[in-house]
Amino acid sequence: MLVYKNIQKKADGSFVLEKNGYPYHLPNTDEFKEEYEFVEKYAAAYPEEVSDYVEPVIETAPVDERVVRLAALEKESNELSQDILAEIASDDDKSRFKEVRNEIKAIKAEIEAD
């Protein structure tokens, strides 16, 4: 025997519900036509048992832009370092490498101080 609980109707007309104790999404497609029509008729007969589906809000942790910048600088530093070791780096590359390393040190010190 099928047991449907916590029936919620989505804006697209599909249902989100609990079917035999498991979360279930029931779309309005040919593949699920018979079951969809059954749930739709039930929902029409017992509207008090059906609620509107509310999309869950997923909270994300704030991104520390310093960490993002640090990753980009470390990537650039690695690329410049490879050119320096291969002795194909220009004087500008060597100068930029020093600037990047100094900025990496500064960002790391700032992060550690927090």
Plane angle bin for Y24 and F32 - parallel if under 30°, tilted between 30 and 60°, otherwise perpendicular: perpendicular

Once rounded to the nearest 0.5 Å, what's the spacing between atom OH of Y36 and atom CD of E31? 15.0 Å

Any chance you could measure Q8, atom CD, to S14, atom OG, to the nearest 0.5 Å? 10.5 Å

For R66, all residues meeting side chain to side chain donor-acceptor pair (under 3.5 Å), sequence neighbours excluded: D64, E110, D114

Side chains of S90 and D92: do they bring a donor and an acceptor to under 3.5 Å? no

Can you pull the salt bridge (Lys or Arg N to Asp or Glu O under 4.0 Å) pairs that have at least one residue in residues 41-58, sequence neighbours excluded? K10-E55

As an exercise, state the distance from CD of E18 to OH of Y4, rounded to the nearest 0.5 Å. 12.5 Å

Same apolar cluster: V50 and Y46, side chain cutoff 4.5 Å: yes

When you group the ILVMFWY residues by side-chain heavy-atom contacts below 4.5 Å and let the links chain together, are I88 and I84 in the same group? no

Verify the neighbour count for atom CG of D12: are there more than 12 heavy atoms of other residues, nucleotides or ligands below 6.0 Å? yes

Atom CG of N102 and atom CD1 of I107: how far apart are they, to the nearest 0.5 Å? 11.5 Å

Please examine the side chains of N6 and L17, heavy atoms only from C-beta on, and report whether any two atoms are closer than 4.5 Å. no

Between Y42 and F38, how do the two ring planes meet: parallel, tilted or perpendicular, split at 30° and 60°? parallel

Which value, rounded to the nearest 0.5 Å, describes the distance between S77 atom OG and E103 atom CD? 11.0 Å

What I want to find out is whether K108 reaches E74 closely enough, with some N-O distance under 4.0 Å, to be called a salt bridge. yes

Which value, rounded to the nearest 0.5 Å, describes the distance between L26 atom CG and E35 atom CD? 5.0 Å

